[in-house]
Amino acid sequence: MSKAFTKSLLVHFNKIVRRLRPFVVHAHPPSAAERAKPYVRRPSTTSTDEQLLPAPDTTTDVTLCKVEGGLLMSPSVFPYFMLVALEAGGLVRGLLLLLLYPVLLLLGHDRAVKVMVMVSFAGLRKDGFRLGRAVMPKLFLEDVSAEVFEAAAAPGARRRRRVVCVSAMPREMVEPFLVEYLGVDAVVAPELRVYRGYYLGLTQADGEVLQRLDMEEVIGLKERHGGDGQLFVAGIAGLGSSFHQLFRNYCKEVYVATESARRRRRRPLHPRWYSKPLIFHDGRIAFRPTASATLAMFMWMPLAAPLAVLRTVIFLLLPFSLSVQILGALGMHCRYIAASSLSAARAFDLFVCNHRCLLDPLYVSAVSGRADLAAATYSISRLSEILAPIRTFRLTRDRAADRAAMQAHLSRRPGAHRGGGGGLVVCPEGTTCREPFLLRFSPLFTELGADVQPVALYSEVAMFHGTTAGGWKLLDPFFLLMNPSPAYVLQFLDPVAEAERGGGGPEVANEVQRRIAAALGYTCTALTRRDKYLVLAGNDGVVASKSS
């Protein structure tokens with residue numbers, strides 16, 4: 001009896017190991033031949049051996065590319081569904097999906113996808129689902145294989161080829177990043193079933209998708225050759241058997257990655273190949289939610305909540321001279337760089353900085369040693385205003401009223417108000433931007449008649465983002481302080497004196513933006529707060545007042 005049990009246990013153990021093998025990345029360096037010329041294989045039709053073939057060349061008219069295991073480097077789609085579960089469904093749904101992970105390893109790719117769709121999407125509102133456009137593109141783009149994309153799209157070719165991507169994941173997840181950021185011509189993917197405005201957690205079958213689409217039109221047989229069918233279609237296969245009939249019916253050649261190509265580390269796609277730059281993205285999760293990383297997050301959560309409360313108490317009750325040292329011991333790292341000397345920077349009353357998170361004015365006040373600084377804010381929560389250890393006042397988007405309020409604060413002398421006065425921290429972008437870009441600087445600060453001290457801010461978090469466009473802003477400081485070790489770098493640049501400003505205006509604002517961007521290595525843009533909220537939240541980002 002014991003031998004039979006042991007034998008059965010070994011059989012199941014070997015099965016689990018075989019299932020886990022594709023999820024293990026071997027970090028050995030590639031051979032010289034692989035470094036010289038990446039290759040793929042396709043099964044030979046005349047022999048049992050496989051033929052080595054180069055990637056599809058520029059004579060190909062259409063490329064049919066599988067997303068999972070083809071376009072994407074990762075052999076698992078679990079992180080994408082985990083992101084949906086955590087961002088749209090909450091921690092409970094994410095924990096349920098994590099507990100099912102061992103079961104998913106035993107299922108085939110197609111069955112595992114169906115289970116993950118059920119867990120991640122069942123019960124979500126269709127109207128409120130914006131993750132595909134606002135959150136998912138960044139995670140997908142970081143996983144796109146440069147070798148496969150260059151072979152599929154052939155950038156720089158004289159004759160642009162048509163690229164059609166095929167995926168077993170729901171269209172709502174993959175289509176935005178494929179069409180908007182990679183310039184894919186068409187996407188073949190199942191749509192989620194909806195009942196009374198809610199997702200059921202079920203997707204269309206392959207046959208239903210093909211009935212809904214005119215594949216000759218999708219591939220381009222009608223558009224480019226009048227329906228005569230004289231197109232050379234090459235396929236790049238991937239994981240699973242979904243839509244395999246497309247490769248069989250339309251592709252003259254199908255390329256499959258070799259085991260050595262899967263084992264070696266592939267090169268991610270450089271952002272310069274994106275159809276448009278990825279500037280805005282939303283969501284709380286700041287890491288790739290693989291099974292191990294998500295498990296680490298859930299293990300950290302019981303400690304993160306009390307740590308965030310402790311950090312908040314230290315911020316509120318202790319002076320900056322003590323709180324900065326204690327918070328450093330608790331994992332909140334801060335470093336500053338001064339162009340000349342920090343004492344020279346302290347002499348200025350108007351600090352202008354880029355906006356990375358809610359704590360920007362606090363760090364400027366703490367590092368500069370100016371307790372009299374106030375922060376001009378727009379749409380932070382009332383709780384954040386109450387808990388702020390420095391004075392804050394809201395801007396109204398009325399140019400004359402906002403200028404008068406900031407001018408009144410700058411004209412105060414220290415000690416004239418119980419909360420201090422005389423110094424101001426302004427973030428002319430008006431909203432945060434996570435990527436290495438600077439939004440347009442509002443020129444309002446140039447009209448205050450004060451010398452400008454530019455401050456370049458860089459922040460980095462490992463687990464949670466402390467900003468959101470479509471979520472609860474009330475939780476922004478809490479999520480930021482829950483990070484194990486958030487880091488901040490402040491660089492005080494050369495000041496812009498009143499004589500250098502001349503008459504002020506947009507030219508001075510653009511010059512300050514350029515200096516901060518040059519210090520950080522960022523790119524200046526003319527985008528505004530309105531552009532960000534239209535992309536991420538579907539509104540213009542204006543908070544209506546009660547009077548209006």
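Looking only at side-chain heavy atoms (C-beta outward), Gln513 and Asn510 come within less than 4.5 Å of each other. The side-chain heavy atoms of Tyr363 and Leu457, taken from C-beta on, include no pair separated by under 4.5 Å. Proximity of Ile279 to Cys433: side-chain heavy atoms (C-beta onward) are separated by under 4.5 Å at one or more points. When side chains are defined from C-beta on, Thr294 does not count as touching Leu97, because their heavy atoms never get closer than 4.5 Å. Two residues are said to be in side-chain contact when any heavy atoms from C-beta on lie closer than 4.5 Å; Leu182 and Leu71 meet this criterion. By the 4.5 Å heavy-atom criterion applied to side chains, Leu424 and Asp349 are not counted as neighbours. Side chains of Phe280 and Leu439 form a contact here, defined as non-hydrogen atoms less than 4.5 Å apart. Contact of the His355 side chain with the Arg529 side chain is not registered, since no non-hydrogen atoms from C-beta on lie closer than 4.5 Å.
Distance alone, capped at 3.5 Å, places no donor-acceptor pair between the Thr468 side chain and the Lys473 backbone. A donor-acceptor distance shorter than 3.5 angstrom exists from the side chain of Ser167 to the backbone of Met169, with no hydrogens or angles considered. Looking only at distances, no side-chain donor or acceptor of Ser365 sits under 3.5 Å from a matching main-chain atom of Pro361. At distances below 3.5 Å, at least one donor-acceptor pair connects side-chain atoms of Trp300 with backbone N or O atoms of Met482. No side-chain donor-acceptor contact under 3.5 Å links Glu68 to the backbone of Ser76. Checked by atom type and distance alone, the side chain of Arg434 never pairs as donor or acceptor with a backbone atom of Arg356 at under 3.5 Å. His409 places a side-chain N or O within 3.5 Å of a backbone atom of Gly423 that can act as its donor or acceptor partner. Judged by distance alone, with hydrogens and angles left aside, the side-chain atoms of Thr525 form a donor-acceptor pair with the main-chain N or O of Leu438 at under 3.5 Å. The closest donor-acceptor contact from the side chain of Glu172 to the backbone of Gly132 lies at 3.5 Å or more, if one exists at all.
Geometrically, Lys126 does not engage Tyr198 in a cation-pi contact, judged by NZ or CZ lying under 6.0 Å from the ring centre and within 45° of the ring axis.
From Thr312, atom OG1 reaches atom CG of Leu480 across 9.5 Å, with rounding to the nearest 0.5 Å. Here CG of Leu358 is found 11.5 Å from OG of Ser459. Values are rounded to the nearest 0.5 Å. Taken from OG in Ser74 to CD in Glu142, the straight-line distance is 12.0 Å, to the nearest 0.5 Å. How far OG1 of Thr377 is from CZ of Phe393: 8.0 Å, rounded to the nearest 0.5 Å. Taking CG of Leu72 as the start and OG of Ser145 as the end, the distance is 9.0 Å to the nearest 0.5 Å. Here OG of Ser485 is found 11.0 Å from CE of Met463. Values are rounded to the nearest 0.5 Å.
Between the side chains of Asn354 and Tyr522, not a single donor N or O lies within less than 3.5 Å of an accepting N or O.
Of all the heavy atoms in Gly94 and Leu86, the pair that sits closest is CA-CD2, 3.8 Å. The nearest pair of heavy atoms linking Leu139 to Arg288 is CD1-NH1, 3.5 Å. Between Asp494 and Arg515 the shortest heavy-atom distance is O-NH1, 3.3 Å. When all heavy atoms of Phe348 and Arg370 are compared, the closest pair comes out as O-NH1, 2.7 Å. Scanning both residues, Val461 and Pro486, for their nearest heavy atoms gives CG1-CB, 4.4 Å. Nearest heavy atom pair, residue Thr528 against residue Arg440, reads CG2-NE, 3.4 Å.
The pair Asp476-Arg284 counts as a salt bridge, with a side-chain nitrogen and a carboxylate oxygen less than 4.0 angstrom apart. Salt-bridge check for Arg130 with Asp282: failed, with every basic side-chain N at 4.0 Å or more from each acidic carboxylate O. The existence of a salt bridge linking Lys532 and Glu429 is excluded, since no basic side-chain nitrogen approaches an acidic carboxylate oxygen closer than 4.0 Å.
Around OH of Tyr336, the count of heavy atoms belonging to other residues, nucleotides or ligands within 6.0 Å does not exceed 12. Counting heavy atoms of neighbouring residues, nucleotides and ligands inside a 6.0 Å radius, atom CZ of Arg399 exceeds 12 of them.
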Subject >> Verdict with reasoning, Ile516 to Phe441, per side chain to side chain contact (heavy atoms under 4.5 Å, CB included) >> reply: CA-CA 11 Å; Ile516 294 177; Phe441 275 29; 3.9 Å; yes
Would you check, one step at a time, whether the test side chain to side chain contact (heavy atoms under 4.5 Å, CB included) holds for Leu527 with Phe437? CA-CA 10 Å; Leu527 300 175; Phe437 296 91; over 6 Å; no
As a quick check of understanding, evaluate side chain to side chain contact (heavy atoms under 4.5 Å, CB included) for Phe81 and Met173, giving each step before the final call.
CA-CA 9 Å; Phe81 288 100; Met173 290 176 61; 3.7 Å; yes
- Query: Run the side chain to side chain contact (heavy atoms under 4.5 Å, CB included) check on Thr446 and Val496 step by step: do they pass?
  - Reply: CA-CA 10 Å; Thr446 65; Val496 180; over 6 Å; no
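Here the two rings, on Phe129 and Phe121, have centers that are under 6.0 Å apart.
Tested against Met136, the residues Val174, Leu141, Leu131 include a single side-chain contact (heavy atoms from CB on, under 4.5 Å) partner, Leu131.
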